[in-house]
Number of protein chains: 2
Amino acid sequence: MKAANAYSADCPTRQILDRVGDKWAVLILLLVRDKPMRFNALRRAIEGISQKMLSQVLKSLERDGLIRRRAIATVPVTVEYSIMPLGATLAGAVDPLRDWAERNLKEVLAAQRRYDAQRKALAA
Amino acid sequence: MKAANAYSADCPTRQILDRVGDKWAVLILLLVRDKPMRFNALRRAIEGISQKMLSQVLKSLERDGLIRRRAIATVPVTVEYSIMPLGATLAGAVDPLRDWAERNLKEVLAAQRRYDAQRKALAA
DNA sequence: TTATCTAGTCACTATTGGATACCAAAGCCG
DNA sequence: CGGCTTTGGTATCCAATAGTGACTAGATAA
């Protein structure tokens, strides 16, 4: 029964889900999918990410073969990050999730309000 | 420019992605989708999750309106968790990601090996 | 001399997750 | 009667990780 085992730690889905759940990775992936971007351009686009996290996440995305890093020997060194075919397919798999989020966020928030109101009523 | 703003903290996608990236939430959602399950049945099925995390994640899934909690006043109290329509649609949106993970994990691992080998070669 | 670009490092804090112990209520054993 | 079990939690403490800001570096152009 491999299906039951899918809920143990060495499940491929879990590993990918960890990557996707990463606070920044998907954001970067989706930005880079549209067009190649430079380090500081990403930094400005995301707004809130620290240099450390950006370079860390970029490195891990590159390691996974999802994006490509290309350094250009210009005056101050320029580094361009672009999407790889593998990364593009992952970004595509994330799209349904993004659609779901946009369509259903209101309902989720409503459910949260209902839940909180009920708990408050019980506490009183 | 709302599109640029989508990469700030109040983006709905980000909120949902955080939920999906949760180490256990998706696992529980997919288990409960198949059939209603009791607390300890989930605990045994997932294997590795602590009571604390299980009850914590179940509570947040219930709050989001994704699953329903039903307590039955039996000898030792029985609690059954089942999927809600909203949760079922989310689980459906996660499926492409799971497919991607299963189809592409090998390639990701290969990319990691290539990357590590190259870095080691550079270091030497 | 100061700014720009892409990092890497240090120190600190916030958040996560695990282990452990505890609670209630009922039954069952001796 | 006391102690033990089961179910579904809660509370608390602690270690590990994640994430931040500030600082550094090196090269060069204005």
Side-chain angles (χ1 to χ4, degrees), chain A residues 7-11 14-15 17-28 31-32 36-63 67-82 115 118-119 122-123, chain B residues 7-11 14-15 17-28 31-32 36-63 67-82 115 118-119 122-123:
Chain A
Y7 294 97
S8 78
D10 54 339
C11 163
R14 194 120 126 201
Q15 295 175 51
L17 242 36
D18 279 357
R19 191 70 85 239
V20 170
D22 183 298
K23 197 172 174 185
W24 308 111
V26 171
L27 255 22
I28 294 173
L31 273 175
V32 165
M37 288 185 83
R38 306 229 314 263
F39 187 88
N40 276 337
L42 284 167
R43 194 157 130 66
R44 280 187 293 266
I46 294 180
E47 182 193 357
I49 194 170
S50 63
Q51 284 170 325
K52 179 190 165 184
M53 287 315 296
L54 181 54
S55 80
Q56 201 175 96
V57 175
L58 284 171
K59 214 191 301 182
S60 81
L61 288 175
E62 190 200 354
R63 190 171 102 100
I67 63 174
R68 171 174 35 222
R69 178 184 188 278
R70 205 161 59 87
I72 306 152
T74 47
V75 188
V77 67
T78 302
V79 180
E80 193 188 68
Y81 294 93
S82 53
Y115 181 91
Q118 201 177 349
R119 292 212 100 203
L122 289 176
Chain B
Y7 294 97
S8 79
D10 55 338
C11 164
R14 193 121 126 200
Q15 295 174 51
L17 243 36
D18 279 355
R19 193 69 84 241
V20 170
D22 183 299
K23 197 174 173 185
W24 308 111
V26 171
L27 255 23
I28 294 174
L31 273 174
V32 164
M37 286 185 84
R38 304 231 315 264
F39 186 88
N40 277 334
L42 283 166
R43 197 157 127 68
R44 281 186 293 267
I46 294 179
E47 181 194 359
I49 194 169
S50 62
Q51 281 174 327
K52 178 191 169 183
M53 289 314 298
L54 181 55
S55 81
Q56 200 174 96
V57 175
L58 284 171
K59 214 189 303 181
S60 83
L61 289 175
E62 189 201 355
R63 190 170 102 99
I67 63 173
R68 171 174 34 223
R69 178 185 188 275
R70 204 161 58 86
I72 306 154
T74 47
V75 187
V77 66
T78 302
V79 181
E80 192 190 71
Y81 294 93
S82 53
Y115 182 92
Q118 201 177 349
R119 292 211 101 204
L122 289 175

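In what follows, chains are A, B, ... by sequence order, proteins preceding strands, each numbered from 1.
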Nearest-nucleotide check on DNA chain C, Lys59(A) vs Lys52(A); residue mapping nearer the 5' end is Lys59(A)
Taken to the nearest whole Å, CZ/Arg38(A) to C1'/dA7(C) is 14 Å
Lys23(B) near the nucleic acid: base, sugar-phosphate alone, or nothing, with a heavy-atom cut-off under 4.0 Å? sugar-phosphate
**Asked** Looking across every strand, which nucleic acid part, if any, lies under 4.0 Å from Thr78(B) by heavy atom: base, sugar-phosphate, or nothing?
**Response** sugar-phosphate
Rounded to whole Å, CG of Asp18(B) lies from C1' of dT16(C) at a distance of 13 Å
(Q) Considering every strand and a 4.0 Å limit on heavy-atom distances, what is the contact class for Asn40(A): base, sugar-phosphate, or nothing? (A) base
Is the closest side-chain heavy-atom distance between Leu58(A) and Leu42(A) below 4.5 Å? yes
Classify the nucleic acid contact of Arg43(B) as base, sugar-phosphate or nothing, counting any heavy atom under 4.0 Å across all strands shown. nothing
Regarding the side chain of Val79(A), the nearest nucleotide among dT6(C), dG17(C), dT28(D) is dT6(C)
Asp22(B) CG to dT15(C) P, in whole Å, measures 16 Å
Regarding the side chain of Gln51(A), the nearest nucleotide among dG9(D), dG18(C), dT6(C) is dT6(C)
Rounded to the nearest 0.5 angstrom, the CD-CZ distance for Gln118(A) and Arg63(B) is 13.0 Å
Residues Ile49(A) and Arg43(A): closest non-hydrogen pair is O-NH1, 3.7 Å
The reported gap from CD in Glu62(B) to NZ in Lys59(B) (rounded to nearest 0.5 angstrom) is 9.5 Å
Between CH2 of Trp24(B) and C1' of dG18(C) the distance, given in whole Å, is 10 Å
Of Ser55(B) and Pro76(B), the one whose nearest nucleotide on DNA chain D sits closer to the 5' end is Pro76(B)
Whichever of Thr74(B) and Phe39(A) has the more 5' nearest nucleotide on DNA chain C, that residue is Phe39(A)
Separation of dG8(D) atom P from Ile72(B) atom CD1, nearest Å, is 9 Å
Of Ser50(A) and Val77(A), the one whose closest nucleotide on DNA chain D sits nearer the 5' end is Ser50(A)
Rounded to whole Å, CG of Leu54(A) lies from P of dG8(C) at a distance of 11 Å
note: Tyr81(B), atom OH; dT7(D), atom C1'; distance rounded to Å ~ 11 Å
Output for pair (Ile28(B) CD1, Asp22(B) CG), nearest 0.5 Å, gives 7.5 Å
Between CD of Gln56(B) and P of dG8(D) the distance, given in whole Å, is 18 Å
